[in-house]
Amino acid sequence: MDSYRLNMSAFGPIRAQLVWLVTGTSSGLGKRIVLSALARGDKVIATARNLNKLTSTLPVHCENLKTIELDVDSGYTNIKDTVNEAVKIWGRIDVLVNNAGIGVKAVFEEGGSEMFRRQFQTNVFGVIDVTTAVLPHMRKRGTGTIVQVGSRSSWAAECVPTWGQYSSSKAALRAFSETLATEVEPFGIRVLIAEPAGLVTESIFSFPFYTDNPISSYEDVRTAAMRDLSGSGFCTGDATKAMDVLVDVVRGEGKARGKEWPLYFVFGPGGEKAVRSKCEKILRVMDEWKDVTDALL
């Protein structure tokens, strides 16, 4: 990844008008990314499963904003057709933001593989389908930026019981995006793994808690999790300000001016602590077991 980081450092501030395709824009971070990009004078194609929801949250009459119905769970063929139509609007897509996602909440044993499949369908396979549909257009032009919206939770999965489905989906997103970054770098395409933490939005924790298969042994764990995840008490970050910084990073301006392309961008309250804590925890274990593992060499 060092060669990727070095090559990407050649990208300076972007002064041209960009065309963004953002998924999941009816609320939350997606809505704020759209508004921030529009404020820079960029053009935005905002997508959502239900376009009716956008009329009250986005300036739909703005000449630089177009909306398209897109369900990331609808399968690659449908998504490809929608992306091709999106490209026709302004002739290109400069920035893809894979923001659409859900947060399944279920005790591991109670939810089983069914809940993991539900989670991964949207947060992993949906992202893969949208990205795969956009990549040919970026490769043809020899330029593009792909922003993968992950989560601090992928670095602290052990700290949030009943959110293993969500945390693991975001960990998978980070891992395949690392490989993707290496594969598309020769075509002038950048990848940004954006991992926000503790940001307050109106849609946080909106996905219903899974309780169809209650196991009495997990009653205390489930009850505590339902209480803790029913609100946004431990989220204190300003989502609007955070998305403004994210757009800065993509455009290489503002707070990001003069910095090399990061690949990883962890931001928001508790984000840095979560990553450092996980890395330190793993290193401590490696140090303690070094005599055992070294004996296997």
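Heavy-atom neighbours of Arg92 CZ from other residues, nucleotides or ligands within 6.0 Å: above the threshold of 12. For Glu63, the CD atom counts as loosely surrounded, since its 6.0 Å shell holds 12 or fewer non-hydrogen atoms of other residues, nucleotides or ligands. Residue Tyr76 places its OH atom among more than 12 non-hydrogen atoms of other residues, nucleotides or ligands, all under 6.0 Å distant. Within a 6.0 Å sphere centred on NZ of Lys80, other residues, nucleotides and ligands contribute 12 heavy atoms or fewer. In this structure, Asp291 places its CG atom where more than 12 heavy-atom neighbours from other residues, nucleotides or ligands lie under 6.0 Å away.
Formation of a donor-acceptor pair under 3.5 Å by the Arg190 side chain with backbone atoms of Val250 is found in this model. Looking only at distances, no side-chain donor or acceptor of Thr162 sits under 3.5 Å from a matching main-chain atom of Ala106. A distance-only check finds a donor-acceptor pair linking the side chain of Ser74 to the backbone of Asp71 [under 3.5 Å]. Side-chain atoms of Thr57 do not come within 3.5 Å of backbone N or O of Ser27 as any donor-acceptor pair. With hydrogens and angles disregarded, no donor-acceptor distance shorter than 3.5 Å links the side chain of Arg141 to the backbone of His137. Checked by atom type and distance alone, the side chain of Gln165 never pairs as donor or acceptor with a backbone atom of Gln119 at under 3.5 Å. Put simply, the side chain of Lys278 gets close to the backbone of Trp155: a donor and an acceptor are under 3.5 Å apart. Under the 3.5 Å distance criterion, the side-chain polar atoms of Ser36 are left unmatched by any main-chain donor or acceptor of Arg32. Ser277 contributes no side-chain N or O that, together with a main-chain N or O of Ala274, makes up a donor-acceptor pair within less than 3.5 Å.
Look at Glu280 and Arg276 and you find no salt bridge, because none of the NZ, NE, NH1 or NH2 atoms lies under 4.0 Å from a carboxylate O. Under 4.0 Å is where a charged nitrogen must lie from a carboxylate oxygen, and between Arg251 and Asp94 no such pair does. Under 4.0 Å is where a charged nitrogen must lie from a carboxylate oxygen, and between Glu114 and Arg117 no such pair does.
Side chains of Glu219 and Thr223 form a contact here, defined as non-hydrogen atoms less than 4.5 Å apart. Looking only at side-chain heavy atoms (C-beta outward), Phe265 and Leu246 come within less than 4.5 Å of each other. Within the 4.5 Å cutoff, no side-chain heavy atoms of Val104 are placed close to those of Thr122. Residues Pro214 and Arg222 form a side-chain contact, since some pair of their non-hydrogen atoms from C-beta on lies under 4.5 Å apart. When side chains are defined from C-beta on, Thr293 does not count as touching Met286, because their heavy atoms never get closer than 4.5 Å. At a threshold of 4.5 Å between non-hydrogen side-chain atoms, the residues Asp42 and Asn64 do not count as touching. Using a 4.5 Å heavy-atom cutoff, the side chains of Val72 and Asp129 are not in contact. Using a 4.5 Å heavy-atom threshold, the side chains of Leu58 and Leu65 count as touching.
Nearest heavy atom pair, residue Lys53 against residue Ser26, reads CB-CB, 3.9 Å. When all heavy atoms of Gln121 and Asp73 are compared, the closest pair comes out as O-OD1, 3.5 Å. Residues Leu38 and Cys62 come closest through the heavy atom pair CD2-SG, 4.4 Å. For the pair Ser151 and Ser154, the tightest heavy-atom approach, listed with the atom from each and the gap, is O-OG, 2.9 Å. Here the closest non-hydrogen pair linking Ala157 and Ser167 is CB-CB, 3.7 Å. The heavy-atom pair separating Leu192 from Trp261 by the smallest distance is CB-CZ2, 3.5 Å.
Under the 30°/60° scheme for interplanar angles, the aromatic rings of Phe108 and Phe116 are found to stand perpendicular.
Atom CG of Asn123 and atom CD1 of Ile102 lie 6.0 Å apart (nearest 0.5 Å). One finds the SG atom of Cys279 at 11.0 Å from the CZ atom of Arg284 (value rounded to the nearest 0.5 Å). With rounding to the nearest 0.5 Å, the separation of CG in Leu70 from OG1 in Thr82 is 5.5 Å. From Lys66, atom NZ reaches atom NZ of Lys43 across 8.5 Å, with rounding to the nearest 0.5 Å. Taking CG of Asn99 as the start and CD1 of Ile33 as the end, the distance is 5.0 Å to the nearest 0.5 Å. Separating the CZ atom in Arg174 from the CD atom in Gln148 is a distance of 12.5 Å, to the nearest 0.5 Å.
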Residue pair Ile89, Ile68: steps toward the side-chain contact (heavy atoms from CB on, under 4.5 Å) verdict: CA-CA 10 Å; Ile89 295 174; Ile68 290 183; 3.7 Å; yes
side-chain contact (heavy atoms from CB on, under 4.5 Å) between Ile215 and Val107, worked out: CA-CA 9 Å; Ile215 298 174; Val107 173; over 6 Å; no
Working for side-chain contact (heavy atoms from CB on, under 4.5 Å), residues Leu199 and Met243: CA-CA 10 Å; Leu199 303 180; Met243 294 306 101; 4.0 Å; yes
Test side-chain contact (heavy atoms from CB on, under 4.5 Å) applied to Tyr166 and Val160, step by step: CA-CA 10 Å; Tyr166 178 78; Val160 191; over 6 Å; no
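Side-chain contact, Tyr218 with Glu109: a donor N or O sits under 3.5 Å from an acceptor N or O. Asn98 and Thr131 form a side-chain donor-acceptor contact under 3.5 Å, judged by distance and modelled atom types alone.
Tested against Asp248 for a salt bridge (Lys or Arg N to Asp or Glu O under 4.0 Å), the candidates Arg257, Lys255, Arg40 yield a single pass: Arg40.
The hydrophobic cluster containing Leu54 also contains Val44, counting ILVMFWY residues as joined when their side-chain heavy atoms lie under 4.5 angstrom apart, directly or transitively. Two different hydrophobic clusters hold Trp163 and Val221 under the rule that ILVMFWY side chains link at heavy-atom gaps under 4.5 Å. Val266 and Val191 sit in two unconnected hydrophobic clusters of ILVMFWY residues. Membership requires side-chain heavy atoms under 4.5 Å apart, directly or through other members. When the side chains of ILVMFWY residues are joined at heavy-atom separations under 4.5 Å, either directly or via intervening members, Val124 and Leu29 end up in two distinct hydrophobic clusters. Residues Val34 and Val247 share a single hydrophobic cluster, defined by chaining ILVMFWY side chains whose heavy atoms lie under 4.5 Å apart.
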